[in-house]
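Quick note on labels: first sequence line is chain A, next is B, and so on, each numbered from 1.
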There are 2 protein chains.
Amino acid sequence: MTQKRIRNMEEFAAVSGISRPTVSKYFNDPDSVRRSTRARIEKALERYDYRPNIFAMNQNRKLTKNIGIVVPFMADPVFAEHARNIEQRCISAGFRPTLYSAHGDPALEVDILDGLRSLKPAGVLLAPLGRASDQKEIEKFCRDVPTVLFDSNIEGLGEAFIGSDNFSFVSQTVEYLTRTGAPPSFFEMRTPANPNANKRRVAYIQMMDRLGLEPHIIQIEGEGWAFEEIGRRGALEILRDNRLPTDSILCSNDRLAIGLLSACCELGYRVGRGPDCNLRVASNDDHPFARFTCPSLTTAAHDYDSVSNRSVETLFELIESGGEFRNREETLFPSRLVLRNSA
Amino acid sequence: MTQKRIRNMEEFAAVSGISRPTVSKYFNDPDSVRRSTRARIEKALERYDYRPNIFAMNQNRKLTKNIGIVVPFMADPVFAEHARNIEQRCISAGFRPTLYSAHGDPALEVDILDGLRSLKPAGVLLAPLGRASDQKEIEKFCRDVPTVLFDSNIEGLGEAFIGSDNFSFVSQTVEYLTRTGAPPSFFEMRTPANPNANKRRVAYIQMMDRLGLEPHIIQIEGEGWAFEEIGRRGALEILRDNRLPTDSILCSNDRLAIGLLSACCELGYRVGRGPDCNLRVASNDDHPFARFTCPSLTTAAHDYDSVSNRSVETLFELIESGGEFRNREETLFPSRLVLRNSA
DNA sequence: ATATTAAATTGACGCGCGGAAACTTTTAAG
DNA sequence: CTTAAAAGTTTCCGCGCGTCAATTTAATAT
């Protein structure tokens, strides 16, 4: 089938009967050449499996087709899902996405951005670690590379932010819990890694005020990204010491809730809204595993698809408009309450 | 601090007082130059933040410092953990790892390998999808690129395989369950995506035979990588139809077990080894969430660290020995039984 | 048919680096 | 102090492609 191996664009241009500069144009943008020549090139492409040397391509190009996707913690399935969505969309748009995880480590996050810079990416989608992030370094990076932040906002960084509306989350869960039973305490880490956590606490207080109820916040200790274990340990203490004012608890996020449910299980608490239950647990995120906890977790769901879709769209707009927006827009998507069995 | 921006290696060589070819040697291998010159270069490196153009570097080099890491499904925290380990080790060895997930899609797996090929990687660590993988394409890839398989073996593919000893898993869980109670049924997918699943079934039968017990295999329907949901649906049927010969069940893997526990919770089964329990559930893998299920999951744990460490070491050996081994070795690590509360 | 415009060709240069050859300097060994 | 080996320097070429200017060819309009 393949008569001879094509070594470079020169040779490929020869066998396709088109000049090399035109072939080069084609690979940069297939629509930039006439339909007839495009057809000829693609016919040749079928017979000879040539692809331009990616290193030589990117060497001189001002802008590559590379896109960096950086998430804070890949072992969290939420980010794996986001990554999958974003990756696919980038690929279909003709870009070359590369996925990175900071694995919860701010130094690694900086290293990733550093390495990314030398890939001359057309743009970067960054879900930062948050509080732990080295903001100065990220700011430096954003000056050099068109960057869209998602999931976790850092004021002023990046050309845009796309995330979820934390108030929408907490207001719905608080409203539901108070309407159907006792008002909830708020269960969170004392020093949360993620800025969304702070907004959720504020939203909780605001909602309780609005309902004329006394907010009650339980802050547990723990550093790092092992939220389940932190939630479990914290919950064991809380439950043993009987520090809950009511039978209702709202977790800042699902991973903490998973840990809390695990603690409930250990201590023999019955979680749910049945008459024989002694605790109601709700949470925020709709983690992929929230469906499979015991009992299944009532939670406010991210609009994952919208967030990742809009993130990608925004990045494309950013790239097309030369890497800068006039003003930094923050897009927030509301949540959807998912009623399951835990509350 | 930085007097002027360094544009290329030529300029950097000038300011460091070393000739360009020597500087080039340094960047290929810092130990290949004299200590004194290395010191001079690194002193210059502190004052000027120059780094060689990665595209120009890789263009002519026969072998790059790139390493590809391909996992079948990143939303499975097991692979996220593996990836983290492997990434770090590659970086400290001076390589440039890039992480890819096939997201359960065989076509994407092939695309990833295809894209990887054009990165001229020094080597690739591949955890294949398994049954669904396009074996011919993977074979082609392995001919071009030094590849080490891990986690999931495909007979004859890659220069080596590093994984876990499935017999070690199942023998321990079966032995434990039979020693402490009724012999277990084996709960698995009828068409498992992963080849380890088949080996586990065989091991189960073998162990039951050895103990003079009748094996009982429950095969549930379901395609894809949403194991938890598949396990849950399957378990709901099994439990409703009362198709369990004993009160003991061994799941092929933890993700199925998580689904099964979820079903148990829904149907009000009490899982555990207490006198008031009506089901014992054990499993294999020690998934990061196995600690947090209700009840916590008794399972045979992968020696994750050993597998990922040995995989990386093997790949490095492979790279140093020119990309080929005399014979394909398969290294299997035994499991460790983790007793928790589900059995 | 001719004028106009769009697209392709020709020929050439440059990107930043790897690598080789021939030569010079430094280092270590006797 | 001599000598050979090791390391560094100079000079050059090539990698594969982007890109540009000048030119020719093809498509579209008048």
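Minimum atom distance to the side chain of N8(B) is reached by dC17(C), of the listed dG8(D), dC17(C), dT9(C). Considering only the side chain of V33(A), dA8(C) comes nearest among dG18(D), dC12(D), dA8(C). Set against dG18(C), dC20(D), dA8(C), the side chain of M57(B) has dG18(C) as its closest nucleotide. Of the candidates dT9(C), dC12(D), dT19(D), dC12(D) carries the atom nearest the R20(B) side chain, counting heavy atoms from C-beta on. Comparing dC15(D), dG18(D), dA8(C) by their nearest atom to the side chain of T37(A) picks out dA8(C). Each of dG18(C), dT10(C), dC17(D) was ranked by its minimum atom distance to the side chain of S24(B); first place goes to dG18(C). Residue R34(A) places its side chain closer to dA27(D) than to any other of dA27(D), dG8(D), dG16(C).
Taking 4.0 angstrom as the limit, T22(A) places none of its side-chain polar atoms (N or O) nearer than this to OP1 or OP2 of dA8(C). Contact annotation: N28(A) reaches the phosphate of dT19(D) (side-chain N/O to OP1 or OP2, under 4.0 Å). At dC17(D), one or more side-chain N or O atoms of Y50(A) fall inside 4.0 Å of OP1 or OP2 (strictly under the cut-off).
Atom P of nucleotide dA26(D) and atom CD1 of I18(A) are separated by 12 Å, given to the nearest angstrom. The distance between atom CZ of R40(A) and atom C1' of dT9(C), rounded to the nearest whole Å, is 12 Å. Remark: P of dA6(D) and CZ of R35(B) are 18 Å apart, rounded to the nearest angstrom. Summarising the geometry, the separation between CD on E11(B) and C1' on dC15(C) is reported as 13 Å, rounded to the nearest angstrom. Across the protein-nucleic acid pair, K65(A) atom NZ and dG18(D) atom C1' stand 15 Å apart, rounded to whole Å. Here dG18(D) presents its P atom at 12 Å from CD of E10(A), a figure rounded to the nearest Å. In this structure, the NZ atom of K25(A) is 15 Å from the C1' atom of dT10(C), given to the nearest Å. Rounded to whole Å, atom P of dC15(C) lies 22 Å from atom CD1 of I54(A).
Ring planes of F95(B) and F316(B): parallel class, angle under 30° (limits at 30 and 60°). Taking the six-membered ring where tryptophan is involved, the planes of F73(A) and W225(A) are essentially parallel, since the angle between them stays under 30° and well short of 60°. Under the 30°/60° scheme for interplanar angles, the aromatic rings of F27(A) and F12(A) are found to be tilted.
Q59(A) CD to R61(A) CZ: the interatomic distance, rounded to the nearest 0.5 Å, is 12.0 Å. To the nearest 0.5 angstrom, L119(A) atom CG is 11.5 Å from R117(A) atom CZ.
If N60(A) and S19(A) are placed on DNA chain C by their nearest nucleotide, the residue sitting closer to the 5' end is S19(A). Both R38(B) and V23(A) lie near DNA chain D, and the one whose nearest nucleotide falls closer to the 5' end is R38(B).
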Would you write the dot-bracket representation of DNA chain D, where each base gets (, ), [, ], | or . depending on whether it forms a Watson-Crick or G-U pair under 3.5 Å and with which partner? ||||||||||||||||||||||||||||||

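Between K140(B) and E137(B) there is a salt bridge, with a side-chain nitrogen of the basic residue lying less than 4.0 Å from a carboxylate oxygen of the acidic one.
A donor-acceptor contact under 3.5 angstrom links the side chains of H103(B) and E87(A), judged on distance only.
Of the residues I138(B), I154(B), V148(B), V71(B), the one that meets the side-chain contact (heavy atoms from CB on, under 4.5 Å) test with L126(B) is I138(B).
Note on P52(B): only backbone sugar-phosphate atoms sit closer than 4.0 angstrom, heavy atoms only; bases stay farther off. Within the 4.0 angstrom heavy-atom criterion, no nucleotide atom of any strand lies near Y26(B).
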